[in-house]
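Remarks on the structure that follows.
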Amino acid sequence: MGAIVVVGLQWGDEGKGKITDLLAGRAAAVVRYQGGHNAGHTIVVDGDAFALQLVPSGVLYPGVIPIIGNGVVVDPKVLVEELRMLEERGVDTSRLVVSGNAHLIMPYHHELDRLTERYLGKAQLGTTKRGIGPAYADKAARIGLRVQDLLDEKIFRAKLDVALREKNLVLAKGYNRLPIDPERVVADYLGTYAPLIAPRIVDSVGLVQRLWREGRTILLEGAQATFLDLDHGTYPFVTSSNPTAGGACTGSGLGPRQIDQVIGVAKAYTTRVGAGPFPTELEGPLADALVDRGHEYGTNTGRRRRTGWLDLVLLQHAVRVNSVSELAITKLDVLDTFDEIQVCTAYEVAGERVDELPYHQSDLHRAHPVTEKLPGWKTPIGQVTTASALPAAARRLLEFIEARIEVPVRWVGVGPSRDQIVELS
């Protein structure tokens, strides 16, 4: 199978974890390549739900190496708690390793994230306030602390001192907050977290490259999705890293020519969390039905997701940006009760039809969806196991997507459980 990227094609929450979990049993390693604990994957195994934040999906399979790659920002407290939760539920986490080059989320990142968002007022971005953006900002500013710094107290203290000179000044003078106590940070990070994380710290790039040279299968999974990408998303309502397939190379240490397959994941409808443009957004009973049937609440935050019809303008752009080779359409069963299903095939902007994603933010904010109506199937599909058993109207929707996007649909999710997925030929 080679190296395979699993990437979300919308605004996240598409079910990437389920697709990664489906393939992980055939892999040697699953690499999380970007993001932090501001996004999660929910995997249901035999009716038991596992909500993962930092730990890669492959942890649920014996023999798979879960790797937290260099592109991730790691809150050590969250990592330790997540590992403890998994172990208490009988999951063996001994194989999990963490890149020494991944950056650490520090206490001042949390504080600044909360304060900055609060002071933005109506211009809030809708962040999860978990320190992810400030951690990536420090990484770019070259004053970040890395996971490997947990191994050397002298280096840790020196870097912390440099960072706190600025952060405490901002907290005290800018926000009238108490400064961060460096000794408390040292006690927590070096005294509590380092002993638990240190045995897992590795040269992740070297490990991934060795596995690739041995011909082993490597899955690469990100957090968030294409339209939350820092460069390709609906800026500024985006995350602080690159969830797109290109980010998989940067965040794992694999080169572009080592990627064999890019699997794009999309829901049969669209959701997003937080602020930002959403051309196909629904309100009222239809939106409520999608939320209720799809259990559309954030894995980590519990926030209600905004919902809308499937947007093929967005989807086609995402397929191109990620050079997607095949599609997985998830949550098709959520549409079981609808008499009619609408699919956005173009936008109307200032009275003109637009078939491509507008590059200008103002155009996207005022875009209205041009939709085509397809009949619903009005029957439950949760027990379907083969493509031929899908209702004709459901197959028609999938064929409609394939024809417009020009990429084959390989998998279809028909329910939340691990085995509720149909593989198409």
Side-chain angles (χ1 to χ4, degrees), residues 7-17 34-42 51 53-54 73 75 78 105 109-137 222-244 247 265-267 269-284 287-288 290-292 294-311 313-315 317-318 330-331 344 357-358 361-367 369:
V7 61
L9 301 181
Q10 295 160 317
W11 279 290
D13 310 306
E14 299 94 345
K16 300 180 295 296
Q34 55 75 225
H37 65 294
N38 56 337
H41 299 320
T42 300
Q53 298 178 78
L54 279 171
V73 287
D75 186 321
V78 172
I105 296 175
H109 293 141
H110 286 276
E111 185 76 354
L112 290 169
D113 204 358
R114 288 191 294 266
L115 292 168
T116 301
E117 188 76 347
R118 183 188 306 165
Y119 274 74
L120 284 173
K122 292 183 179 180
Q124 287 186 9
L125 301 175
T127 79
T128 56
K129 305 179 184 69
R130 298 187 177 192
I132 279 75
Y136 275 115
Q224 296 93 33
T226 298
F227 293 101
L228 292 177
D229 187 278
L230 182 60
D231 289 273
H232 299 288
T234 49
Y235 190 91
F237 306 100
V238 294
T239 194
S240 301
S241 56
N242 296 105
T244 42
V265 186
K267 284 178 182 171
Y269 51 100
T270 310
T271 66
R272 80 171 297 173
V273 174
F278 188 170
T280 66
E281 184 170 14
L282 294 168
E283 296 180 353
D288 293 339
L290 287 172
V291 170
D292 292 341
H295 306 290
E296 295 298 349
Y297 297 92
T299 300
N300 291 333
T301 63
R303 289 188 293 179
R304 176 183 165 120
R305 295 173 184 145
R306 301 158 63 191
T307 59
W309 294 121
L310 180 63
D311 187 334
V313 180
L314 281 174
L315 196 59
H317 185 82
T330 61
K331 290 197 167 186
C344 173
L357 185 70
Q361 58 191 355
S362 297
D363 288 341
L364 189 58
H365 275 278
R366 59 182 178 169

Less than 4.5 Å apart, side chain to side chain, heavy atoms only: is that true for [X] and [Y]?
{"X": "Ser241", "Y": "Leu230", "result": "no"}
{"X": "Asp229", "Y": "Val238", "result": "no"}
{"X": "Phe227", "Y": "Thr244", "result": "no"}
{"X": "Ile132", "Y": "His109", "result": "no"}
{"X": "Cys344", "Y": "Trp309", "result": "no"}
{"X": "Thr280", "Y": "Leu310", "result": "no"}
{"X": "Gln53", "Y": "Val78", "result": "yes"}
{"X": "Asp231", "Y": "Asn242", "result": "yes"}

Note to self: Is a donor from one side chain sitting under 3.5 angstrom from an acceptor on the other, for Thr270 and Asp311?
What the structure shows: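 No, no side-chain donor-acceptor contact under 3.5 Å.
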Check: Would Asp75 and His110 count as having a side-chain donor-acceptor pair, cut-off 3.5 Å?
Finding: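 There is such a pair between these side chains.
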Next item on the list: Step through it carefully: locate the ring centre of Trp11, locate the ring centre of Phe278, and say whether they are under 6.0 Å apart.
Entry: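 That pair passes the under 6.0 Å test.
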So, [X] side chain and [Y] main chain: donor-acceptor pair closer than 3.5 Å or not?
{"X": "Ser240", "Y": "Tyr136", "value": "no"}
{"X": "Thr330", "Y": "Glu14", "value": "yes"}
{"X": "Arg130", "Y": "Gly133", "value": "no"}
{"X": "Asp113", "Y": "Gly131", "value": "yes"}
{"X": "Lys16", "Y": "Gly222", "value": "no"}
{"X": "Arg306", "Y": "Glu281", "value": "no"}

Notebook entry, point to check: So which of Arg303, Arg304, Lys267 actually passes side-chain hydrogen bond (donor to acceptor under 3.5 Å, both in side chains) with Glu296?
Noted result: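 That would be Lys267; it is the only one of Arg303, Arg304, Lys267 passing the side-chain hydrogen bond (donor to acceptor under 3.5 Å, both in side chains) with Glu296.
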Next item on the list: Applying side-chain hydrogen bond (donor to acceptor under 3.5 Å, both in side chains) between Asp363 and each of Arg366, His365, Gln361, report the one that passes.
Entry: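 Only one option passes, and that is Arg366.
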Minimum heavy-atom distance [X]-[Y], with the two atoms named:
{"X": "Ala266", "Y": "Leu9", "result": "CB-CB, 4.4 Å"}
{"X": "Leu364", "Y": "Pro279", "result": "CD1-CG, 3.9 Å"}
{"X": "Pro277", "Y": "Phe237", "result": "CD-CD1, 4.1 Å"}
{"X": "Ala223", "Y": "Pro243", "result": "O-CB, 3.3 Å"}
{"X": "Ala135", "Y": "Val73", "result": "CB-CG1, 4.1 Å"}

Next item on the list: List for me each residue that meets side chain to side chain donor-acceptor pair (under 3.5 Å) alongside His317, sequence neighbours excluded, and say none if there are none.
Entry: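 With neighbours one apart ignored, the set is empty.
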Next item on the list: First locate atom CG of Leu314, then atom OG1 of Thr226, and finally report the distance between them rounded to the nearest 0.5 Å.
Entry: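 With rounding to 0.5 Å, CG (Leu314) is 9.5 Å from OG1 (Thr226).
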Check: So how far is it from Ile105 CD1 to His37 NE2, rounded to the nearest 0.5 Å?
Finding: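 Atom-to-atom, Ile105:CD1 and His37:NE2 are 5.0 Å apart.
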Checklist line | Test ring pair (Phe, Tyr, Trp, His ring centres under 6.0 Å) applied to Tyr269 - qualifying residues, sequence neighbours left out | finding: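 Listed in chain order: nothing, the list is empty.
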Check: Charged N to carboxylate O below 4.0 Å: is that the case for Asp13 and Arg305?
Finding: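 Salt bridge present between Asp13 and Arg305.
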